[in-house]
Each structure stands twice: as C-alpha cells, then as structure tokens.
Amino acid sequence: MKVLITGCRGQLGIELCQQLNNLNRSNKRFELLKTDIDTLDITNSFQVHTMVTEEKPDVIINTAAYTNVDACETDELNAFRVNAIGAQNLSAAAFQIGAKMLQVSTDYVFDGTGNSPKREYDPINPQSVYGQSKALGEKLVLQTNPRHFIVRTAWLYGEGNNFVRTMLKLASEKKEINVVNDQIGSPTSTVDLASCIINLIKTDHYGVYHATCEGECSWYDFASRIFAMKSINIKVNPITTKELNRPAKRPAYSVLENFMLKLIGLNNFRQWEDALEEYLERN
Ligand SMILES: NC(=O)c1ccc[n+]([C@@H]2O[C@H](COP(=O)([O-])OP(=O)(O)OC[C@H]3O[C@@H](n4cnc5c(N)ncnc54)[C@H](OP(=O)(O)O)[C@@H]3O)[C@@H](O)[C@H]2O)c1
C-alpha cells in the first residue's frame, strides 16, 4: 500500500512516518511518500494534482494544517487556504486516481457546550476561525471523495511543540505558573492516534471518526499530572479562560467519544494518563 503523508515534519506526521517505517522493517506492506510544505504545498492545487497523478498513492493522509489557533483569528485567509482548500485539493486528487483520503480534524469543530462527550453525529458549531476552517475542510473532503476518513482528535502531543513540552520548559524557568482550569478535554498521544490511523486506512469503513485517548481532564489537571509524574516541584495556580484572555475562543467542554471506532472494533486508545506516562519516560 503506497501512502502519501503531508505535514511530515509536524507532530502527527513524524509519528506516522516512524510507525510506518517500523512496520516496514518487519513486513514490506507500506511504501511511504513523505512530504511537507517544501516538497508539497497543499494549497497549490497544480502541485498536488501533479504529484498525486504521477505517484498514484493508494491513500493520502493529510496531517498538514495551520494549527496556530490564535494566529488563525487574524490570518483568516491563510487559515482557510491551508485547512479547507488544502484538504479539498488532496481529496479531489485522491478521488481522480481512486485513492482513499484521510483528513485529520479537531474537537474545535464543536462549540464546547454541554457536559457529555460528543459523538460523531452530533451537530458541529465551531467558534473560532481555526475551528471554522477545519469544519469546512471536513465538508470539502466529504463532498469530493466518498472514500474518506475524517478523524477528529484533540489536545495532541508528540514530537514537536506541544503543551507537555511547554509545561516542562516553564518548570525549568519558573517557580509558579498559571494554568486554565475551566476547559475540559482529552490529552491525546500521537502514538495512539498514528496507530489508529494506520489501522483505519487498511479498511473500507469510510466516515467520520472521533479519535482521542480515554478519560478527561482540565489543562490544570493535565499540567499537575505532568509535574507529579516527573516529580517536579512547582506551584500550579488554576485560572479561568477569561483571565487568560486569548484571541481565539476555545470550547469549554470538548471531550469526544470514540463511538464509531468502538462500533467497528478499532478503539485501541489508552487512558490519557497511561499514554502520558509512557511519553514522559521518553522525554
Ligand atoms: N495539535 C493539536 O493539539 C491538535 C488538536 C486537534 C487536531 N489537530 C489536528 O491534527 C493534525 C496534526 O496536528 P499537528 O499538531 O501534528 O500539527 P503541526 O505539528 O502543527 O504540523 C503541521 C504541519 O503542517 C505543515 N504545513 C503547514 N502549512 C502547510 C502547507 N500549506 N502545505 C504543506 N504542509 C503544511 C507545517 O509546516 P510548518 O511547521 O512549516 O508550518 C507542519 O509541518 C492537524 O490537522 C491538526 O489540525 C491537532
């Protein structure tokens, strides 16, 4: 199976390439075509079309995205170009050659109201430019290629810049930090997500999937757990979203239930604390 991956220098792209390479060492089932913005700018429809029709992958996995949620608020056109048009370019090219298309999306397509985990069929209502651009990306993929997997994840950490790395860096510089305690979600390791994506692309179970680690917590709980697991002595103060005052609106309760994965028997996500423990042993 020939797999084209976009955004290979990003958190999820790195992990996917690593896992697929490892699998290839034991059996040569995957041929990997690694790209990032310098080799494939997904907003460039001509470049996308040329590469896809020449290389003829069986699957395209789009991990490339404009992920700076606050910057999206003031850079709306680029956010939509990358997160919506980029996804559409890939999906349309995949359709032309009969390939599957896997689009990675986000919990930010929901508005964060309510207090029970959202399922795949619950109505979306994005509150930020980032969320709106990712929601349009989902819709365009859905419209352009029936052989699609739309995989919504949340609070991702792996290789690269992420909340865990930021907390560890802050702990080396400060004695006290403030962390938001009124946003609830599910911290998700790229290890679990990449493994889920590799299992999904082998199937024909097309559709929308929620794909996050099990369990839920606030950013404050998440930070506190990181410091406890690393035996770091730092004072963590819980604050409100209002006090932090960031440009983009974030969902207050954005827990996703991996309902569709459960239905097809592919929900192999660990409890978020277990995945975090393994990550911290390596970082
Ligand atoms: N991070 C999270 O907490 C989170 C939560 C929910 C969903 N997601 C979704 O999960 C996916 C993976 O996220 P991630 O954290 O791995 O992202 P990431 O680390 O920010 O990586 C994104 C990659 O895409 C590249 N890219 C940006 N614009 C591009 C373009 N026009 N063409 C090709 N590549 C481009 C980036 O390159 P540059 O670095 O050079 O810009 C980067 O290498 C994304 O779809 C994201 O929306 C992430």
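Atoms considered below: every heavy atom in the structure, side chains included; atoms not considered: hydrogens, waters and symmetry mates.
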If you count heavy atoms of other groups shown closer than 6.0 angstrom to [atom1] of [X], is the number above 12?
| X | atom1 | answer |
| --- | --- | --- |
| Asn233 | CG | no |
| Asp38 | CG | yes |
| Tyr206 | OH | yes |

Measuring from [X]:[atom1] to [Y]:[atom2], what's the distance to the nearest 0.5 Å?
| X | Y | atom1 | atom2 | result |
| --- | --- | --- | --- | --- |
| Leu40 | Ile60 | CG | CD1 | 8.5 Å |
| Leu263 | His205 | CG | NE2 | 10.5 Å |
| Lys34 | Ile14 | NZ | CD1 | 9.0 Å |
| Thr240 | Asn245 | OG1 | CG | 9.5 Å |
| Ser105 | His210 | OG | NE2 | 8.5 Å |
| Ser128 | Tyr108 | OG | OH | 7.5 Å |

Indicate the atoms forming the closest heavy-atom contact of [X] with [Y], along with that distance.
| X | Y | answer |
| --- | --- | --- |
| Gln47 | Thr39 | NE2-O, 3.3 Å |
| Ala64 | Thr6 | N-OG1, 3.3 Å |
| Ser186 | Val255 | OG-CG1, 3.7 Å |
| Ala211 | Cys196 | CB-SG, 4.3 Å |
| Thr144 | Ser91 | OG1-OG, 2.8 Å |
| Pro187 | Cys213 | O-CB, 3.2 Å |

Determine whether [X] and [Y] fall in the same hydrophobic cluster, where Ile, Leu, Val, Met, Phe, Trp and Tyr are linked whenever their side-chain heavy atoms lie under 4.5 Å apart.
| X | Y | value |
| --- | --- | --- |
| Ile61 | Met101 | no |
| Val104 | Met260 | yes |
| Ile37 | Leu12 | no |
| Ile226 | Trp219 | yes |
| Ile184 | Tyr220 | no |

Using side-chain heavy atoms (C-beta onward) and a distance below 4.5 Å, is [X] in contact with [Y]?
| X | Y | value |
| --- | --- | --- |
| Gln19 | Ile197 | no |
| Asn268 | Asp192 | no |
| Phe163 | Trp155 | no |
| Leu168 | Leu280 | yes |
| Met167 | Val179 | yes |
| Leu32 | Leu16 | no |
| Tyr157 | Leu276 | yes |
| Val129 | Phe80 | yes |

Is there a donor-acceptor pair closer than 3.5 Å between any side-chain N or O of [X] and the backbone N or O of [Y]?
| X | Y | result |
| --- | --- | --- |
| Lys100 | Phe149 | no |
| Thr35 | Ile5 | yes |
| Tyr279 | Gly158 | yes |
| Lys2 | Leu33 | no |
| Asn83 | Gly137 | no |
| Lys174 | Ala171 | no |
| Glu15 | Ala194 | no |
| Gln11 | Ser189 | no |
| Asn145 | Val141 | no |
| Thr43 | Arg81 | no |

What I want to check is whether the side chains of [X] and [Y] have a donor and an acceptor closer together than 3.5 Å.
| X | Y | result |
| --- | --- | --- |
| Gln183 | Thr241 | yes |
| Asn267 | Glu214 | yes |
| Asp221 | Ser224 | no |
| Arg165 | Asn162 | no |
| Ser218 | Asn181 | yes |

Asp107/Thr212 under side-chain contact (heavy atoms from CB on, under 4.5 Å): CA gap, chis, key distance, verdict: CA-CA 9 Å; Asp107 55 325; Thr212 57; over 6 Å; no
In plain terms, say whether [X] and [Y] are close enough for a salt bridge, that is, a side-chain N and a carboxylate O under 4.0 Å apart.
| X | Y | answer |
| --- | --- | --- |
| Glu159 | Arg9 | no |
| Asp111 | Lys249 | no |
| Arg282 | Glu278 | yes |
| Arg250 | Asp70 | yes |

Leu266/Tyr209 under side-chain contact (heavy atoms from CB on, under 4.5 Å): CA gap, chis, key distance, verdict: CA-CA 11 Å; Leu266 286 182; Tyr209 290 90; over 6 Å; no
Intermediate values then yes/no, side-chain contact (heavy atoms from CB on, under 4.5 Å), Val191 and Arg270: CA-CA 10 Å; Val191 174; Arg270 290 172 289 181; 4.0 Å; yes
Working for side-chain hydrogen bond (donor to acceptor under 3.5 Å, both in side chains), residues Ser45 and Asn89: CA-CA 5 Å; Ser45 61; Asn89 288 338; 4.6 Å; no
Lys118, Lys262, Arg152 screened by salt bridge (Lys or Arg N to Asp or Glu O under 4.0 Å) with Glu257, the one that passes: Lys262
Ser254/Phe110 under side-chain contact (heavy atoms from CB on, under 4.5 Å): CA gap, chis, key distance, verdict: CA-CA 7 Å; Ser254 73; Phe110 292 109; 5.9 Å; no
